[in-house]
Protein chains: 2
Amino acid sequence: IIQTSNLTKIYRTEEIETTALNNVNFKVEEGEFVSIMGPSGCGKSTLLNVVGLIDTIDNGEYSFLGKEVSKFNERQRANVRKGNIGFIFQSFNLIDELTVYENVELPLLYLKTPAAERKEKVNAALERMEIMHRRNHFPQQLSGGQQQRVAVARAVVANPKVILADEPTGNLDSKNGDEVMSILTQLNEGGTTIIMVTHSPTYAEYGNRVVHLFDGKIVTENLNGKF
Amino acid sequence: IIQTSNLTKIYRTEEIETTALNNVNFKVEEGEFVSIMGPSGCGKSTLLNVVGLIDTIDNGEYSFLGKEVSKFNERQRANVRKGNIGFIFQSFNLIDELTVYENVELPLLYLKTPAAERKEKVNAALERMEIMHRRNHFPQQLSGGQQQRVAVARAVVANPKVILADEPTGNLDSKNGDEVMSILTQLNEGGTTIIMVTHSPTYAEYGNRVVHLFDGKIVTENLNGKF
Ligand SMILES: Nc1ncnc2c1ncn2[C@@H]1O[C@H](COP(=O)(O)OP(=O)(O)OP(=O)(O)O)[C@@H](O)[C@H]1O
Ligand SMILES: Nc1ncnc2c1ncn2[C@@H]1O[C@H](COP(=O)(O)OP(=O)(O)OP(=O)(O)O)[C@@H](O)[C@H]1O
Ligand SMILES: [Mg+2]
Ligand SMILES: [Mg+2]
């Protein structure tokens, strides 16, 4: 479902050039649950953003769902993302001007889901993340962990093929963290491909494979014995 | 150094009233290291914001450095904060328009620290947090963990009496997380009072006391055997 070949991403400012991804070969089969770990600044979020077609690459090839997408423009990338990819961003990226309900509803609006079905799916996602009672609040009226739960609800509401989760439990206490992992695991058992960045070795073990990044390169991969 | 008595904070919107803090009695002696834990939404950030004079209270009393401050206006609270309190916010609250260097320098500008001394202290804090090489970048050009390290540098640069740290390691890998804890421990050994919110039981143990919040109330306190 995802295959990159010699994928390189470089950020350039006036004085410094940062190679965030350095000839990365990364392959994910449909239905996998892959955990990614590595030190701060080693390229994890960049890899998720590139794989999720949020960002472009400088060199290399990237095939998503059998299509070569590395040279797609923004509009083409947005079309491929819709309905296929759900994101849980490291900084949540909730829209401040929208309520909790509207944030979670947004992916379904892009997919032109009919109103009654939208309502049913949004309510189910809000209930599941135990944030229903706050659905008319704005993100700034929520705690850090509550915002994260809204981000998770939004990522799963359209039941995408692939979920990219960047530290989905970082701001959560263990009960809520375990609940997020439970949701991701259930989605995976139902066929959704999961790629998750985490700093928690315990949560990394939920995946069937753990990939270690370092300085923009994959340095080790460990199967977790689940395949 | 900090004493609250029946401290209550309520957020009111059109349809819902949330009691974030519910008659909290909280006392911190000078030189303590207190860890605060509790589930998402239970009032931890609210408690830190109130204790740190960022936010006001609705009921109760609050004495900081021997002064009753519960009825201070914003200007009075800002004056007390300066030089006394350093913050590591849960969402970092870095200023996007300032570079890394300028973000860290800001507390010293408020204190009217002379330029040569400012430069020395900022450079020391940046070196310590291993973010010196990025000092001319803007926050949006940094990874999540790098932003957090900048937030820590800014909190410690003016060597305040009290540091309030809200999840200071949430976005960090274990090496960087341990480094932040090492800095906080050293500051505490030098006399700085530390109050830290964390979801990590391991890091909570660095403090000499662990306070558990639940639904806006302190429900248990455990000494860690260090006093
Ligand atoms: N500006 C606000 N308006 C309305 N309600 C708010 C506001 N800020 C916080 N709250 C509510 O007050 C309660 C306590 O929030 P707080 O941010 O203190 O929780 P927390 O313990 O820090 O949680 P977390 O671990 O998720 O960061 C929550 O229910 C939250 O939704
Ligand atoms: N917009 C940008 N401009 C310049 N450099 C950037 C930009 N975004 C990221 N970088 C740099 O690219 C490198 C990789 O960043 P990335 O966000 O992928 O790291 P990460 O592994 O997710 O780290 P963390 O665990 O701290 O979130 C870092 O050195 C970072 O500073
Ligand atoms: Mg990241
Ligand atoms: Mg909080």
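Each chain gets a letter, A, B and so on, in the order the sequences are listed, and its residues count up from 1.
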Is the CD atom of A/Glu120 crowded by more than 12 outside heavy atoms at less than 6.0 Å?
no
Counting only heavy atoms not in B/Tyr110, do more than 12 fall under 6.0 Å of its OH?
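Counting other residues, nucleotides and ligands, OH of B/Tyr110 stays at 12 neighbours or fewer.
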Do B/Ile16 and A/His137 come close enough that some side-chain heavy atom pair is under 4.5 Å?
yes
Any side-chain heavy-atom pair of B/Gln141 and A/Thr18 under 4.5 Å
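They are not in side-chain contact.
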Spacing of B/Glu167 atom CD and A/Asn171 atom CG [to the nearest 0.5 Å]:
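CG of A/Asn171 is found 5.5 Å from CD of B/Glu167.
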Contacting moiety of [X], where chain A heavy atoms sit under 4.5 Å:
| X | result |
| --- | --- |
| B/Thr13 | side chain |
| B/Ser143 | side chain |
| B/Asn176 | side chain |
| B/Thr46 | neither |

Return yes if some donor-acceptor pair links the side-chain N/O of A/His199 with the main-chain N/O of B/Gly170 below 3.5 Å, else return no.
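Not a single qualifying donor-acceptor pair exists.
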Option from A/Gln147, A/Gln146, A/Lys175 for which side chain to side chain contact (heavy atoms under 4.5 Å, CB included) with B/Ser40 holds
A/Gln146
